[in-house]
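All ligand and atom numbering here is 1-based and tracks the order in the structure.
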Amino acid sequence: MKILVVGSGGREHALAWKIAQSEIVDEVFCAPGNPGMDEIGPCFEVDPTDLHKMQELVLQISPDLIVIGPEAPLAAGLSDALRARGFDVFGPSEKAAQLESSKGFSKDLMKRFDIPTAAYGRFTDLTEALDFLETMTPPYVIKADGLAAGKGVVICDDLEEAENEVEAMMTGKFGDASTEIVIEEFMEGEEASIFVLTDGDGAIYLPPAQDHKRVGDGDKGLNTGGMGSYAPAPVVDARMMELVQTLIVEPLLSGMADEDMPYQGVLYVGIMVTASGPKVVEFNARFGDPECQVLMAGLPGDIVPALLTCATGGLVHGHREIAEMMGVNAFQPSACVVMATEGYPESYPKGSIIEGVADANAVDGVTVFHAGTDRDSDRKLIAVGGRVLGVTAVGSDLKEAVSRAYAGVEKVDWPQGFNRKDIAWRALK
Ligand code: AMP
Ligand code: GLY
């Protein structure tokens with residue numbers, strides 16, 4: 001079987017790495033891929049949001065399954081275009097992917113299906129938005145409706161600051177993505193990420209994960225795409241997981257199926273674990289990055305039957321057997337430390353040389369996933385992005401996984417890189 005993985009981040013490297021271990025897979029292709037993925041299979045330099053070029057590539061390779069990693073091609077309708085050509089695709093339709101690409105769409109769905117989340121208002125009119133804001137209490141949570149590269153949520157303690165933010169967003173701060181905004185109630189609690197593989201009907205729940213969104217130790221400083229992750233996250237115990245299933249995921253999947261937009265692929269439920277149970281912070285239409293890295297590393301079995309069944313249907317009957325093939329119940333505790341270029345998430349230089357990745361990979365339990373890397377003209381590994389490597393490790397417990405991941409980080413020789421020193425602190429404290 002041939003599988004095409006679409007994307008070029010640490011998440012997609014982890015997916016390609018896991019898929020390549022399957023006994024039923026002969027070849028993994030990547031588009032566009034990265035230097036880590038290049039060691040797994042052929043990479044094709046195509047922009048995943050260019051539907052025309054992507055269709056040309058897929059017709060040329062003729063894969064048995066296409067796995068789409070990032071949100072942008074999903075929001076651009078890549079899965080619909082490839083399915084229309086008769087290919088099996090793991091990833092939601094453009095319509096279903098609005099769960100992530102439009103915050104307003106997703107909040108309205110939650111309201112219709114009675115899914116617990118923060119109370120909110122949705123606005124295209126500045127005066128109405130400002131009037132609504134006055135009825136709220138601080139902290140104020142203001143969100144651009146559309147995709148804003150992870151920067152579209154602002155939380156303000158002060159009303160005047162909040163008013164300025166609302167006005168900035170609605171007058172073009174994020175272009176078209178913020179002409180519409182959502183203002184919502186602040187939720188108190190600890191966040192966690194739940195991932196569900198689904199064909200729109202059946203579902204497989206992966207172990208709960210947690211990421212570290214802030215750039216600095218102690219969860220301080222600017223927001224980033226994610227500086228590290230771990231799973232399982234003890235804040236989501238079996239009881240909480242059951243509530244996520246019955247109060248959030250089941251009503252969402254059946255509601256979307258009833259409304260003729262069945263959700264197929266991986267559903268990412270960002271939850272706040274509050275005193276009154278789990279509440280949805282956001283839905284995403286893809287795996288989290290770097291949560292995917294720890295999930296792929298920790299699953300001891302074969303993930304391909306699950307991906308295939310999600311793409312083709314029938315999961316409701318086979319979910320137990322398929323979850324067993326993946327080894328969900330034998331999940332190994334896993335942690336990922338992201339190494340980023342000094343300066344990230346603000347501006348940072350490109351082109352610094354990275355050495356020692358092979359030594360890091362040689363540490364017991366460690367796998368290094370590439371994100372913003374490239375090769376220079378001498379084939380030396382260089383950093384070309386903000387988040388550059390995801391040093392990931394499994395262990396007999398989380399403590400061992402974390403200490404192995406940091407032992408891997410020690411082997412990487414990259415003076416221009418930095419990483420957080422406290423990944424998984426909430427679980428280890
Ligand atoms: P989002 O992109 O919607 O996940 O928001 C980004 C981050 O903002 C989340 O991970 C939370 O840390 C925070 N956040 C978003 N909405 C809320 C809320 N209603 N209450 C508290 N924190 C929130
Ligand atoms: N790690 C958070 C995200 O992928 O959105």
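- A salt bridge does not link Glu180 with Lys103: every distance from a Lys NZ or Arg NE/NH1/NH2 to an Asp or Glu carboxylate oxygen is 4.0 Å or more.
- Atom numbering of ligand 2 starts at 1 in the shown order; those under 4.0 Å from a heavy atom of Glu291 are 1 (N), 2 (C).
- Residues lining ligand 1 at a heavy-atom distance below 4.0 Å are given as Lys103, Ala118, Val141, Lys143, Val153, Ile155, Glu184, Glu185, Phe186, Met187, Glu191, Lys213, Met272, Val281, Glu282, ordered by chain and residue number.
- With atom 3 (C) of ligand 2 as the reference point, the heavy atom nearest to it among Gln293, Lys213, Gln210, Arg286 is part of Arg286.
- Per-residue contacts place Gly225 under 4.0 angstrom from the following atoms of ligand 2 (heavy atoms of the residue considered): 1 (N), 2 (C).
- Sorted by first and then second residue, the salt bridge (charged side-chain N to carboxylate O under 4.0 Å, His left out) pairs involving residues 294-311 (not counting sequence neighbours) form an empty list.
- Gln210 and Glu190 form a side-chain donor-acceptor contact under 3.5 Å, judged by distance and modelled atom types alone.
- No heavy atom of Gly270 sits closer than 4.0 Å to any atom of ligand 2.
- Residues Arg286 and Arg11 meet the side-chain proximity criterion, which asks for heavy atoms closer than 4.5 Å.
- Residues Leu15 and Phe369 have side chains not in contact (no heavy-atom distance under 4.5 Å, counting atoms from C-beta outward).
- The shell of residues lying under 4.0 angstrom from ligand 2, judged by heavy atoms, excludes Gly226.
- Taking the ring centroids of Phe132 and Phe123, they lie under the 6.0 Å cut-off.
- Using a 4.5 Å cut-off on side-chain heavy atoms (C-beta onward), Arg122 and Asp145 make contact.
- Taking the six-membered ring for Trp and the full ring otherwise, Phe287 and Phe195 have centroids separated by under 6.0 Å.
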- [ ] Decide yes or no on salt bridge (Lys or Arg N to Asp or Glu O under 4.0 Å) for Glu167 and Lys173, but give the supporting numbers first.
- [x] CA-CA 9 Å; Glu167 183 162 353; Lys173 180 175 175 187; over 6 Å; no

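- Atoms of ligand 2 found under 4.0 Å from any heavy atom of Gly288 (numbered from 1 in listed order, with element): 4 (O).
- Within the listing of ligand 2, atoms 2 (C), 3 (C), 4 (O), 5 (O) sit less than 4.0 angstrom from a heavy atom of Tyr268.
- Contact of the Val328 side chain with the Tyr205 side chain is not registered, since no non-hydrogen atoms from C-beta on lie closer than 4.5 Å.
- Against a heavy-atom cut-off of under 4.0 Å, Asp211 is close to the following atoms of ligand 2: 1 (N), 2 (C).
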